[in-house]
Participant: 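Structure provided below as structure tokens; questions to follow.
All values below were derived from every heavy atom in this structure, side-chain atoms included, with hydrogens, water molecules and symmetry-related copies excluded. Start at 1 and go down the list; that is how both ligands and their atoms are numbered.
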Amino acid sequence: MRVLVVDHPLVAHKLTVLRDKNTSSPVFRLLTEELVTLLAYEATRDVRVETVSIETPVTTTEGTGLVKPTPLVVPILRAGLGMLEGMTRLVPTAEVGFLGMARNEETLEAITYAERLPDDLTGRQVFVLDPMLATGGTLREAIKFLFARGAADITCICLLAAPEGLATLQEELDGRNVTIVLASIDEKLNEKSYIVPGLGDAGDRLYGVVG
Ligand SMILES: O=P(O)(O)OC[C@H]1O[C@H](OP(=O)(O)OP(=O)(O)O)[C@H](O)[C@@H]1O
Ligand SMILES: O=c1cc[nH]c(=O)[nH]1
Ligand SMILES: [Mg+2]
């Protein structure tokens, strides 16, 4: 498993505004999209391409095309949905599948409550979107699920990770073709397994508190 922290002043600036508890939901949504586009630029460096032949108005030449089937993008609901627009802006031809997952805040177990993905992902390149990697339980289950369907390589785009969650994934996914692309590795988890300093509950800040 590889971990890449995108070191760019615009990423750092936007993340700082995102963390601020006084940032409103509409601004939070906009910043999330902008951040994802910047992270996706780095995360797609190994996107599969092939040489294609085209005709310009002047001559025939060779260029670069995305290999078909194009990558599968999987936002993890709810919070990952806030990252989808930022990703598809960069890769508009990507296919999109959905995983609905929620962490039980008492047991910290990740529950899958919805799934809409192709049955067969054999050989596919997959990009998973989830802003928060806290204990790592949610991403671990999502990644296992996608590999079980046949995915060949998985890149997760997150905004923040806790060192504890990264260590868990590193241990459990050792040797698997997984890349985690992040805006920041934060300090730690608190007693409720929230990321510190973090940004709070990403789903609630994007979409409001659900009971
Ligand atoms: O690494 P973990 O400890 O598993 O925690 C991270 C998960 O928690 C959040 O989702 P949440 O369960 O709050 O669902 P939501 O997006 O609907 O708010 C977040 O978006 C991740 O999916
Ligand atoms: O800090 C955290 C941890 C889990 N989920 C969140 O949305 N935020
Ligand atoms: Mg939440």
Participant: Give me the atom names and distance for the closest heavy-atom approach of Asn177 to Ala152.
Facilitator: CB-O, 3.7 Å

Participant: Could you name the option among Gly137, Ala202, Gly165, Ala134 that has the heavy atom nearest to atom 3 (C) of ligand 2?
Facilitator: Ala134

Participant: With atoms numbered from 1 as shown, which atoms in ligand 2 lie under 4.0 angstrom from a non-hydrogen atom of Ser193?
Facilitator: 3 (C)

Participant: Which option out of Pro197, Gly203, Gly200 puts a heavy atom nearest to atom 8 (N) of ligand 2?
Facilitator: Gly200

Participant: Show which side-chain atoms of residues 141-148 pair as donor or acceptor with protein atoms under 3.5 Å away, not counting sequence neighbours.
Facilitator:
none

Participant: What's the atom name of the N, O or S in Asp201 nearest to the Mg ion (ligand 3)?
Facilitator: OD1

Participant: At the 4.0 Å heavy-atom cut-off, does Arg103 count as touching ligand 2?
Facilitator: yes

Participant: Could you tell me whether Asp201 and Arg103 have a side-chain N and a carboxylate O separated by less than 4.0 Å?
Facilitator: no

Participant: Using every non-hydrogen atom in the two residues, find where Ile195 and Met132 come nearest and quote the distance to one decimal.
Facilitator: CD1-CE, 3.9 Å

Participant: Could you tell me whether Pro131 approaches ligand 2 through its side chain, its backbone, both or neither, with non-hydrogen atoms closer than 4.0 Å?
Facilitator: neither

Participant: Check whether Leu159 and Val17 end up in the same hydrophobic cluster, where Ile, Leu, Val, Met, Phe, Trp and Tyr are linked by side-chain heavy atoms less than 4.5 Å apart.
Facilitator: yes

Participant: Only heavy atoms count here, so choose which of Thr138, Ile195, Leu206 is nearest to atom 1 (O) of ligand 2.
Facilitator: Ile195

Participant: One line per pair, note the atom names and distance for all nitrogen or oxygen contacts under 3.5 Å between ligand 1 and the protein.
Facilitator:
unit_1: ligand 1; atom_1: 1 (O); unit_2: Ala134; atom_2: N; d: 2.9
unit_1: ligand 1; atom_1: 1 (O); unit_2: Thr135; atom_2: N; d: 3.1
unit_1: ligand 1; atom_1: 1 (O); unit_2: Gly136; atom_2: N; d: 2.9
unit_1: ligand 1; atom_1: 3 (O); unit_2: Arg103; atom_2: NH1; d: 2.8
unit_1: ligand 1; atom_1: 3 (O); unit_2: Thr135; atom_2: N; d: 2.9
unit_1: ligand 1; atom_1: 3 (O); unit_2: Thr135; atom_2: OG1; d: 2.6
unit_1: ligand 1; atom_1: 4 (O); unit_2: Thr138; atom_2: N; d: 2.9
unit_1: ligand 1; atom_1: 4 (O); unit_2: Thr138; atom_2: OG1; d: 2.5
unit_1: ligand 1; atom_1: 12 (O); unit_2: Arg103; atom_2: N; d: 2.7
unit_1: ligand 1; atom_1: 16 (O); unit_2: Arg78; atom_2: N; d: 3.1
unit_1: ligand 1; atom_1: 16 (O); unit_2: Ala79; atom_2: N; d: 2.9
unit_1: ligand 1; atom_1: 17 (O); unit_2: Arg78; atom_2: N; d: 3.3
unit_1: ligand 1; atom_1: 17 (O); unit_2: Arg78; atom_2: NE; d: 2.9
unit_1: ligand 1; atom_1: 18 (O); unit_2: Arg78; atom_2: NH2; d: 2.9
unit_1: ligand 1; atom_1: 20 (O); unit_2: Asp130; atom_2: OD1; d: 2.8
unit_1: ligand 1; atom_1: 22 (O); unit_2: Asp130; atom_2: OD1; d: 3.4
unit_1: ligand 1; atom_1: 22 (O); unit_2: Asp130; atom_2: OD2; d: 2.5

Participant: Quick one: side chains of residues 28-37, donor-acceptor pairs under 3.5 Å with protein atoms, not counting sequence neighbours, listed by atom name and distance.
Facilitator:
unit_1: Arg29; atom_1: NH1; unit_2: Leu206; atom_2: O; d: 2.7
unit_1: Thr32; atom_1: OG1; unit_2: Phe28; atom_2: O; d: 2.7
unit_1: Glu33; atom_1: OE1; unit_2: Arg89; atom_2: NH2; d: 3.3
unit_1: Glu34; atom_1: OE1; unit_2: Lys14; atom_2: NZ; d: 2.8
unit_1: Thr37; atom_1: OG1; unit_2: Glu33; atom_2: O; d: 3.1
unit_1: Thr37; atom_1: OG1; unit_2: Gly86; atom_2: O; d: 2.8

Participant: Between Arg2 and Asp46, does any side-chain N to carboxylate O distance fall below 4.0 Å?
Facilitator: no

Participant: So, Asp204 and the Mg ion (ligand 3): N/O/S under 2.8 Å, yes or no?
Facilitator: no

Participant: Show every donor-acceptor pair shorter than 3.5 Å between a side-chain atom in residues 57-80 and any protein atom, with sequence neighbours excluded, or say none if there are none.
Facilitator:
unit_1: Thr70; atom_1: OG1; unit_2: Thr93; atom_2: O; d: 2.9
unit_1: Arg78; atom_1: NH1; unit_2: Gly208; atom_2: O; d: 3.0
unit_1: Arg78; atom_1: NH2; unit_2: Asp204; atom_2: OD1; d: 2.9

Participant: Which residue owns the protein heavy atom closest to atom 2 (C) of ligand 2, what's the atom, and how far is it?
Facilitator: Tyr194 CD2, 3.4 Å

Participant: Tell me the closest heavy-atom pair linking Cys158 and Leu39, and the distance in Å.
Facilitator: O-CD1, 3.3 Å

Participant: Taking all heavy atoms of Ala40 and all of Ile157, pick out the closest pair and write down the distance.
Facilitator: CA-CD1, 4.0 Å

